[in-house]
Amino acid sequence: MSIVDKIFDEVLNRKSIFKNRRVLSIDYVPETLPHREKEIEKLAKILATALKGGKPSNVFEYGKTGTGKTAVILYVLNKLIQKAKKYNLHFAAAYVNTRMYNTPYKVLYKTATELGIKVPRTGLAVADIFEKVLRRIDMLESFVVIVLDEIDYLVKKKEGNDILYRLTRINNELENSQVSVIGITNDLRFKEFLDARVLSSLSEESIVFEPYTVEQLYDILKQRAELAFIDGAIDDSTLRLIAALSARESGDARKAIDLLRIAGEIAEREGAEKITEQHVRMAYEEVERDIIKAAIKSLPHQEKLVLLAIALLFTKSKKVTTGVVKKMYEKLCEITGTPPVTLRRMNDFINDLETLGLVSCQIVSFGRYGRTKVISLEIPSQTVFLVLTEADPLLAEILKDWSPFKFDT
DNA sequence: CATCCACAGGAAGATCTGGTAG
DNA sequence: CTACCAGATCTTCCTGTGGATG
């Protein structure tokens with residue numbers, strides 16, 4: 001038997017430490033949500049009005065990422081759907097994540113699709129599609145809940161407020177159906193962007209989600225680990241480590257569960273019978289690395305060039321300003337045969353890179369010598385070179401025989 | 001202490017893609 | 001086929017500004 005056969009056989013015969021991998025996936029909603037009983041109760045009470053045919057309020061949920069906002073909504077909606085079925089009530093729900101559906105048209109499109117209404121993906125005027133969706137919703141003769149998750153992505157654009165305004169007041173235009181809008185945001189300063197009229201109608205009821213504490217994270221992890229792994233695959237102390245690592249950063253339950261899953265995958269790959277603290281630490285680093293890699297790889301070509309320009313400059317000097325980035329960027333454009341964008345646009349790219357956490361910027365005034373952004377690379381420049389070499393054959397060619405002197409200006 | 005550098009970043013609009021409707 | 005639509009992307013034009021320097 002060849003060595004390859006051996007490896008395959010070994011892997012296939014090995015008993016997996018996973019019992020049920022699915023419970024660690026992002027969109028799994030567990031049977032119970034520990035430490036969210038109060039929030040669930042509140043939301044349930046609000047929506048319960050619907051069971052009696054009344055019009056429930058619009059709801060506004062806010063709290064940081066990974067505090068269970070989405071999970072609570074989905075949990076309550078699932079229960080509501082079950083109840084509605086049992087009592088033969090008309091009820092429909094649409095879940096729209098406005099990070100992905102971040103324009104008025106897309107929001108309407110997704111809402112319609114979720115409600116089983118067929119509309120074209122593009123091509124129509126927003127007013128037309130709104131009209132169409134409105135009529136179809138009325139025809140449903142139902143109580144309809146529209147959940148707008150990560151609503152801040154919609155509101156930060158000017159047109160976003162308009163569509164929200166119309167959605168939150170849609171009931172005035174309906175005769176046979178009732179609509180409740182639930183907005184979810186993790187941006188706590190988000191209210192500033194929101195049109196006052198929308199704010200008042202959306203926050204008829206609001207529910208605040210506090211970050212989980214270490215103990216709470218531990219409980220959540222414990223619950224998931226019991227479902228996900230076979231007995232004895234993970235110790236309490238290891239779970240506590242994951243909880244501590246996650247709580248230290250953010251109290252983000254999603255990240256904690258991610259960490260648990262990846263630690264499990266690493267342990268499995270190694271053929272270990274148990275997830276150790278070592279696996280957790282490896283997972284922790286892997287998560288960080290992967291986020292960075294993925295971020296760089298998914299950058300548009302132009303932004304890659306800007307990032308590369310910054311990385312190249314940063315190897316030589318820690319004082320990288322917009323002006324020098326522009327020069328280096330233009331040089332790279334010339335080499336790669338890319339038409340360069342204007343300074344204004346490049347500045348947007350740099351801000352983008354900052355949002356992604358790849359660089360950080362500070363506006364500094366040098367008095368007589370102007371006022372500009374000082375940009376620093378937040379990740380090792382070698383990482384940038386490496387990932388770009390992998391991701392882009394053209395850039396790989398340039399970086400192949402790269403030496404710091406080649407790019408001297 | 002006014003000046004002026006080297007930009008930041010808002011507003012508006014041009015261009016282009018990918019679509020519908022009749 | 002033409003007329004039209006939304007939205008991404010980018011440009012053009014613009015006003016605003018912290019502080020070293022003359």
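This is a predicted model, so every value here is computed, not measured. All chains are named by letter (A, B, ...) in the order of the sequence lines, taking the proteins before the strands, and each is independently numbered beginning at 1. In what follows, every heavy atom counts, from backbone to side chain, and hydrogens, waters and symmetry copies are set aside.
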Task: Interatomic distance where CD belongs to A/E303 and C1' belongs to C/dT9 [whole Å] - done: 11 Å
TODO: Look at the side-chain N and O atoms of A/R371 and state whether any lies under 4.0 Å from the OP1 or OP2 oxygen of B/dC5.
DONE: no
Task: Separation of B/dC7 P from A/D348 CG (nearest whole Å) - done: 16 Å
Open item on the list: Counting only side-chain nitrogens and oxygens, does A/K373 get under 4.0 Å of the OP1 or OP2 atom of B/dG9?
Closed with: yes
Task: A/T342 side chain near C/dT12 phosphate (N/O to OP1/OP2, under 4.0 Å) - done: no
Open item on the list: Counting only side-chain nitrogens and oxygens, does A/N347 get under 4.0 Å of the OP1 or OP2 atom of B/dC7?
Closed with: no
Task: Interatomic distance where CG belongs to A/L343 and P belongs to C/dC13 [whole Å] - done: 15 Å
Task: A/Q302 or A/T122, whichever maps to the more 5' nucleotide of DNA chain C - done: A/T122
- [ ] Report yes if a donor N or O on one partner sits less than 3.5 Å from an acceptor N or O on the other, where the partners are the side chain of A/R344 and the base of B/dG9; otherwise report no.
- [x] yes
- [ ] For A/K373 and A/V320, indicate whether the former's side chain and the latter's backbone hold a donor-acceptor pair under 3.5 Å.
- [x] no
- [ ] Consider the side chain of A/S365, meaning its heavy atoms from C-beta on, and name the nucleotide among B/dC7, B/dG19, C/dG18 that approaches it most closely.
- [x] C/dG18
Open item on the list: Of the options C/dT21, B/dG19, B/dA21, whose atoms approach the side-chain atoms of A/Y369 most closely?
Closed with: C/dT21
TODO: Step through the shown structure and confirm whether more than 12 heavy atoms of other residues, nucleotides or ligands are within 6.0 Å of NZ on A/K45.
DONE: no
Task: Over-ring placement of A/R36 relative to A/Y212, 6.0 Å and 45° cut-offs - done: yes
Task: Nearest-Å distance for atom pair CG/P, residues A/N351 and B/dC7 - done: 15 Å
- [ ] Measure from the side chain of A/N102, starting at C-beta and using heavy atoms only, and say which of C/dA8, C/dG7, B/dG9 lies closest.
- [x] C/dA8
Task: Short side-chain to backbone donor-acceptor contact, A/K326 and A/N347, under 3.5 Å - done: no
Open item on the list: Measuring from the side chain of A/Y105 (C-beta onward, heavy atoms only), which nucleotide among B/dG9, C/dA6, B/dA21 has the closest atom?
Closed with: C/dA6
TODO: For A/P340, answer base if it contacts any base atom (sugar-phosphate contacts may also be present), sugar-phosphate if it contacts only those atoms, and nothing otherwise; contact means non-hydrogen atoms under 4.0 Å.
DONE: sugar-phosphate
Open item on the list: Counting the atoms with a prime plus P, OP1 and OP2 as sugar-phosphate, which does A/Y109 contact under 4.0 Å by heavy atoms, base, sugar-phosphate, or nothing?
Closed with: nothing
Open item on the list: C/dG7, OP1 or OP2 - any side-chain N/O from A/T103 closer than 4.0 Å?
Closed with: yes
TODO: Please indicate whether A/K83 has more than 12 foreign heavy atoms, meaning atoms of other residues, nucleotides or ligands, lying under 6.0 Å from its NZ.
DONE: no
Open item on the list: If you only use heavy atoms from C-beta on, which nucleotide in C/dG7, C/dG16, C/dC10 is closest to the side chain of A/R345?
Closed with: C/dC10
